[in-house]
Amino acid sequence: MIKLPIYFDNAATTPVDKRVLEKMTPYFTEIFGNPNSQHVFGRESVKAVDNARDTIAGIINAKPNEIYFTSGGTEGDNWALRGVANAYKDRGKHIIISPIEHAAMIETAKALVKEGFTVDFMKVDGEGFVDLEHLKSIIRDDTIFVGCMMANNEVGTIEPIKEIAAIAHEKNAVCFTDAVQAAGVLDIDVKDLGVDLMSMSSHKIYGPKGVGALYIRNGLRISSIIAGGHQERMKRGGTTNVAGVVGFSEAFKIANEEREKNFNYVSSLRNHFIDRVINEVPFVKLNGPDKDKRDKYRLPANADFSFRYIEGESILFSLDLAGIAVSSGSACSSGSLEPSHVLLALGLPEGLAHGSIRFSFGKHNTMEEVDYAVDEIKKAVERLRAMSPLFKIEGDKKYV
Ligand code: PLP
């Protein structure tokens, strides 16, 4: 018997792993000291934070003093872009980011334009891959920052970060990557990639919400965006979230130890899902990397489909009624029902961009859940298309 509701929104957030929660618990009640305090309670907390820093640094091949704890990916993205823009503005005011970045980057870039910076976007192709030749053609002597996410949260495309970093460094620009969706899922070595900054978040990998880290290469100049106490080597004020940091490092440690197992398991669910949807649901488009690239260039958890002739929200609500939690590409949370900026950047027409649904699988999902979801998708799509006037006119034409 299948247990409802089913959670297929693991790219939005994940439940805290019980082992992580267990590790965190004493830091709420027993080892509660402020790491800034000069007594035994403080020292115990410092020990925990130092251990967490060592663990996270070790996993990504950084030095412990290159790890700065933050409140999550949004803060890391804001800090990287704004902090570098402020610190390097005497050298230049040109910034390049990808058009499929998270809102944390896009909105920070927009704010910097108002402050006199220029922002250009590197092109992506129809599958979401950055066009490296285009990047080479737009990078300038006054480019100070090149930023591209390691893997896209909506369509799962895994980007060529090492190549992007090499292009940035040829022009002495700082290279940043948002690894919020990739950290704990892909094998990451910051030194091998050559990035100067990398943001990470805990709640995508079965850790607690509201905590993450920014890797800042030693020697890089960066301004603070949160003024306050002396925490994080004078760079980020605010009493350290000790329990959160402990939880993040434990979640990262577990994710790293179980990475291959989870990668294989989650991608087997995802591949079965993609195959069934493509074979059994007419007029669908798999957004992001093509099917034959899915094992290498798409996040293992990700399947993003546009269902032609139907609004994404209608499918989302139908699936919610059937006990299946997914996410739609439209920014409905803003109340605007704007089509996804990611899908538009990939060149999808508005109609298809509006009809997209992201399914993101996790280590707690099962094949039975996947099969149940496909059966429910088929029913929902058939019912919704029966009500679509556009489908009645065009539905018999083969969609390619
Ligand atoms: N960057 C990416 C690619 C994300 O997917 C997210 C969260 O969805 C964020 C940044 C923001 O991270 P956080 O929720 O930790 O602020």
Side-chain angles (χ1 to χ4, degrees), residues 7-16 20 56 67-83 97-110 121-122 124 128-130 147-159 161 164 176-186 188 195 197-215 225-226 236 238 241 244-245 247-249 251-252 255 287-288 298-304 325-334 340-343 345-346 356 358-362:
Y7 189 70
F8 284 161
D9 202 12
N10 289 277
T13 195
T14 49
V16 173
V20 170
I56 292 164
I67 302 296
Y68 294 81
F69 289 114
T70 64
S71 62
T74 300
E75 184 188 328
D77 289 3
N78 271 260
W79 187 10
L81 179 46
R82 190 168 272 286
I97 60 172
S98 93
I100 60 171
E101 294 303 294
H102 188 267
M105 289 295 288
I106 303 261
E107 294 304 318
T108 305
K110 277 190 199 163
F121 293 95
M122 44 186 120
V124 294
F129 295 107
V130 163
C148 180
M149 60 205 337
M150 194 170 292
N152 181 263
N153 47 303
E154 205 172 311
V155 293
T157 311
I158 297 171
E159 301 291 355
I161 299 302
I164 292 171
F176 162 75
T177 189
D178 170 340
V180 168
Q181 293 287 339
V185 177
L186 306 178
I188 297 177
V195 292
L197 297 143
M198 182 173 90
S199 60
M200 298 167 270
S201 182
S202 148
H203 71 106
K204 311 286 185 185
I205 51 169
Y206 307 93
K209 293 172 186 49
V211 59
L214 183 64
Y215 157 76
I225 59 166
I226 301 180
R236 195 264 186 191
N241 173 3
V245 159
F248 176 29
S249 86
F252 209 2
N287 298 316
R298 182 189 280 271
L299 284 173
N302 176 283
D304 190 272
V326 296
S327 162
S328 88
S330 306
C332 59
S333 53
S334 68
S340 137
H341 72 283
V342 173
L343 297 182
L346 266 58
S356 81
R358 178 186 67 189
F359 302 85
S360 48
F361 305 96

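Remember, it's 1-based here, ligands and their atoms both numbered in the order they're listed.
Annotation: side-chain hydrogen bond (donor to acceptor under 3.5 Å, both in side chains) contacts of Thr70 (sequence neighbours excluded): none.
Pocket lining of ligand 1, defined as residues with a non-hydrogen atom under 4.0 Å away: Gly72, Gly73, Thr74, Asp77, His102, Met149, Asn153, Asp178, Val180, Gln181, Ser201, His203, Lys204.
Between His102 and Val180, every side-chain heavy-atom pair lies at or beyond the 4.5 Å cut-off. Using a 4.5 Å heavy-atom threshold, the side chains of Ile188 and Met198 count as touching.
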Step-by-step side chain to side chain donor-acceptor pair (under 3.5 Å) determination, Thr108 to Asn78: CA-CA 6 Å; Thr108 305; Asn78 271 260; 3.0 Å; yes
Side chain to side chain contact (heavy atoms under 4.5 Å, CB included) between Thr13 and Tyr7, intermediate numbers included: CA-CA 10 Å; Thr13 195; Tyr7 189 70; 3.5 Å; yes
Test log, rule side chain to side chain contact (heavy atoms under 4.5 Å, CB included), inputs Asn302 and Arg358: CA-CA 7 Å; Asn302 176 283; Arg358 178 186 67 189; 4.1 Å; yes
